[in-house]
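Here it is, the structure, as structure tokens.
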There are 2 protein chains.
Amino acid sequence: MARPSGSDAGVTGPRVRDAAERLFAAHGYAAVSMRAIAAEVGIGAGALYHYTPDKQTLLFQLMRAHLEEVIAAWAETDPKGAPADRLDAFARFHIQFHLDRPEAVFIAYMELRALEPDNFAVIETLRRRYEAILRDILAAGVAAGEMQVADVPLAANALIAMLTGVTTWYREGGRLERGEVETLYAQMALGAVGAQKSSAKTF
Amino acid sequence: MARPSGSDAGVTGPRVRDAAERLFAAHGYAAVSMRAIAAEVGIGAGALYHYTPDKQTLLFQLMRAHLEEVIAAWAETDPKGAPADRLDAFARFHIQFHLDRPEAVFIAYMELRALEPDNFAVIETLRRRYEAILRDILAAGVAAGEMQVADVPLAANALIAMLTGVTTWYREGGRLERGEVETLYAQMALGAVGAQKSSAKTF
DNA sequence: GTCTATAGCCCGATAGAC
DNA sequence: GTCTATCGGGCTATAGAC
């Protein structure tokens, strides 16, 4: 399609977002300068402003894109079966997504406080929508008698925190394979709410 | 004991640490300026340096004091009985401590990346020592046949993350009392590792 | 599309008066 | 023990050359 000149348009933009994601996750939004992002990309600081109007918008768009992606991805993963099986699938999905995109996830949970009020409201709505998925699963599990959960919102918060925490210690190539980690976290999640997979039921 | 003049010595120091703790927890270490801390205390920025040699040391000392306190407090709380009962006690202790000192806990877990290497090494050692408490409980539970834990370090990480997450949502005066929160989290922790309190056993 | 230069501001930390 | 003033530098974002 022969661009008139210069370097790869449509390539630097994603590289800027990748660099920002990596650095925000590693050091925190407030601790990362636009100069540092530019240096990571290999351009001058001024050139960044062709790709984002400002630093805050860069953060906001990273967070929004991630949350919209995770919500959409779950919609395609949801097995829509028995609540215990959905919880198993949700735990595995959440772990998988977090291990695939640890930086984006870390930012989405940790940098809420760095958002300006209008941006915060948008992100908070998306975050609540994602957490509502788990609350719905737990509520269905209680209704079906498959789970013992005294307080659904509390249990959902506790499970999300547990699952999200995987990013703080898991490193590729370590002692455990990803599949093992998924399985173990899913087992703990089921156990925490007194559930078991339908395939494990004794009739 | 009649100080020669001026304001309350021995009082401003703790106020500086309290202000720093509050602001670091709310906005993150990197986002908080020494001027902001001074304003919170009600003194000029220059006067801060009578209480800390620099900003980094302020963070380091907050984190070290907190971790040493939590380790010492557990040593006095540990019921030293059956592993399942110790896990129940640990979960309640951890929740209590976190709800009593949410700012200190939040900083201790979130600002590790803001520490300079020498300080990081000290804090990381303390943090590992605290997490080893839970690993020891789980290992004892497995050995006693009271718990089903396929991987002790993973389970310890998962439980710590779950319990610590309480600070992200619990607010005093909300829907749930602290005692309820402790009980529910302890139940989930026990369930996650397939354990139950000795008082709940069926013989 | 990227560069260099810079405006305007805030930063951590220090010096010295009181 | 606190103040004011300040040093030296980094920050975000913009302007204008190429």
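Residue numbering restarts at 1 for every chain, and letters A, B, ... go by the order of the sequence lines.
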- Message: Students often get this wrong, so: under 4.0 angstrom with heavy atoms, is B:V32 touching a base, only sugar-phosphate, or nothing?
- Response: sugar-phosphate

- Task: Please report the closest heavy-atom contact between B:Q96 and B:R178, naming both atoms and the distance.
- Result: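 Nearest pair, atom of B:Q96 first, then B:R178: O-NH2, 3.5 Å.
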
- State yes or no: are the ring centers of B:H66 and B:Y109 separated by less than 6.0 Å? no

- Item | Output field: ring centroids B:H94/B:Y130 closer than 6.0 Å |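 Ring centres of B:Y130 and B:H94 closer than 6.0 Å.
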
- B:W169 side chain near B:V181 side chain, heavy-atom distance below 4.5 Å: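 SC-SC contact between B:W169 and B:V181 confirmed.
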
- With a 4.5 Å heavy-atom cut-off, do A:K55 and A:Y29 have their side chains touching?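 Yes - at least one pair of side-chain heavy atoms lies under 4.5 Å apart.
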
- Message: Less than 4.0 angstrom between a side-chain N/O of B:S33 and OP1 or OP2 of C:dC11, yes or no?
- Response: yes

- Message: Pairing donors with acceptors under 3.5 angstrom, does anything connect the side chains of B:T183 and B:R92?
- Response: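 Yes - a donor-acceptor pair under 3.5 Å links their side chains.
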
- Using a 4.0 Å heavy-atom cut-off, write out nucleotides 13-18 of chain C from 5' to 3' as B (base contacted by protein), S (sugar-phosphate only) or - (no contact). BB----

- Whole-Å gap separating P (C:dC3) and CD1 (A:I43):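 In whole Å, C:dC3 P and A:I43 CD1 are 6 Å from each other.
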
- Task: Take the protein atom CD1 of A:I37 and the nucleotide atom C1' of D:dG10, then report the distance between them rounded to whole Å.
- Result: 15 Å

